[in-house]
Amino acid sequence: MPIPLSCPDISEDDVQAVVAVLMTPQLSLGPKLAEFEQNMAEFVGAKHAVAVSSGTSALHLCIRALGIGLGDEVITTPFSFVASANCMLFEQAIPRFVDIEPRTFCIDPALVERAITKKTKAILAVDVFGYLADWDALRTIAKKHRLALVEDSCESLGSARGKKKAGTFGDCGTFAFYPNKQMTTGEGGMIVTDRDDIAAQARMERNQGRDPSSTWLEHRTLGFNYRISDINCALGLSQLKRLPDFVKQRQQIAEWYREELSPLAEHITPAPDQEDVDISWFVYVAHMSSQHSEKDRDALLEHLRSNGIGCNNYFPPIHLQPLYKKQGFNKGDFPVTERIAERTVALPFSSHLSRTEVATVCRIVKDGILRL
Ligand SMILES: *Cc1c(COP(=O)(O)O)cnc(C)c1O
């Protein structure tokens, strides 16, 4: 039986919630949108939540709402999904990459300050895999230099440091609901913020530049169609109710992986915990030990795939993507990111993975290591 890298967890209630919307005349900009936003704002602990078509459109609207444009620089991490840097390119702004902390895989605050120039407008940090960036340190730097702070929390919905949840650490935070995330709406995204101005502008720009007092055919500013349908929102509402269970199940599965992988620690280390953070795991990323090369890692991934085990090399560094290499980035630019990225092994992970499946995956991992 193949085991996929990720798999959404859709219940009968989720299906019924979607079907119920289909029976109504309001498939977009209806009551489910408002309800989804309200429940999301409450869950995260933010004043506003603005639902949009994807995590990428959420990031794009945050960049625009902060007034970041042509030639402005934004400090960010190269160890992330490509959208966290692309959102600057959409507005002709410049991502200024800074290397990561090896313990958390998030941007290293100690390196941020020396990357600041007169053109720097913001810091956009990513809570990668569910780990939280060092937001206290980042906020101190942002305050000192009067920079905006954006939290790409697309991978950390439900993660918390004490009572403070992911999405609330910067001026605005973003979530994504693609089917491989902690919860899904099929496609979808969300901006969360305490700032009235950011929320208002995002609401206007997701809907073709209409403001709340506009008629349907009046467009106050340049906008996009970044709306999310009420069908997606109904699924989101139903999934959000189940999110606390998803987070617990994912923590249990991460624990099983740790137990099963521990005997192999000489070759592959389990995903580390983060001190002082309650992690909501997005993916389960184990790391090959330093005695192994990128070639060994790739051979292990190949072995897993040929045995029906979904896996991947989360993440190839953004600066080494063809799009960014064309702009002059090179291997060696961000050594910590590159050293880590060469050794990551993302294993199958979803809220309904069984203990037996985890054991099967780890048996095949062991098998693959013995062949190296
Ligand atoms: C998933 C993700 C996004 C974008 O989400 P989409 O909904 O696929 O557009 C952005 N940033 C990070 C870090 C992500 O993991």
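Counting starts at 1 for both ligands and their atoms, following the listed order.
- With hydrogens and angles ignored, the 3.5 Å screen pairs a side-chain donor or acceptor of Lys164 with a backbone N or O of Thr168.
- Residue Val126 touches ligand 1 through its side chain alone, judged by heavy-atom distances below 4.0 Å.
- Atoms of ligand 1 lying under 4.0 Å from at least one heavy atom of Lys181, given by number and element, are 1 (C), 2 (C), 3 (C), 14 (C), 15 (O).
- At distances below 3.5 Å, at least one donor-acceptor pair connects side-chain atoms of Arg242 with backbone N or O atoms of Asp9.
- Both the backbone and the side chain of Ser54 come within 4.0 Å of ligand 1, judged by heavy-atom distances.
- Checking Tyr314, Phe97, Phe129 one by one against Phe79, the ring-ring contact (aromatic ring centres under 6.0 Å, His included) holds for a single residue, Phe129.
- Among all non-hydrogen protein atoms, the one lying nearest atom 5 (O) of ligand 1 is Ala176 CB, 3.3 Å.
- Checking only distances, Glu155 does come within under 3.5 Å of ligand 1, N or O to N or O.
- The protein atom (non-hydrogen) at minimum distance from atom 11 (N) of ligand 1 is Asp152 OD2, 2.8 Å.
- In this comparison of Tyr178, Phe175, Phe129, Phe79, the heavy atom closest to atom 8 (O) of ligand 1 sits on Tyr178.
- Counting only distance, with no hydrogens or angles, the side chain of Arg96 and the backbone of Thr120 share no donor-acceptor pair below 3.5 Å.
- Of the protein's heavy atoms, Phe81 CD2, 3.7 Å lies nearest to atom 3 (C) of ligand 1.
- Partners of Tyr131 by ring-ring contact (aromatic ring centres under 6.0 Å, His included), not counting sequence neighbours, listed by chain and number: Phe105, Trp281.
- Every atom of ligand 1 with a heavy atom of Ser80 under 4.0 Å away is listed here by number and element: 13 (C).
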Would you be so kind as to tabulate the donor-acceptor pairs closer than 3.5 Å made by side chains of residues 175-183, with sequence neighbours excluded?
unit_1, atom_1, unit_2, atom_2, d
Gln182, NE2, Glu155, O, 3.0
Gln182, NE2, Ser280, O, 3.0
Gln182, NE2, Ser280, OG, 3.2

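- The only member of Val285, Leu304, Asp298, Leu261 that meets side chain to side chain contact (heavy atoms under 4.5 Å, CB included) when paired with Val345 is Leu304.
- Residue-to-ligand polar distances place Gly55 within reach of ligand 1: an N/O pair is separated by less than 3.5 Å.
- Aromatic ring orientation, Phe329 versus His319: perpendicular (interplanar angle above 60°, classes split at 30° and 60°).
- The atoms of ligand 1 that sit less than 4.0 Å from any heavy atom of Cys154 are 2 (C), 3 (C), 10 (C), 11 (N), 12 (C), 14 (C).
- Counting the atoms of ligand 1 from 1 in the order shown, those under 4.0 Å from a heavy atom of Thr56 are 4 (C), 5 (O), 6 (P), 9 (O).
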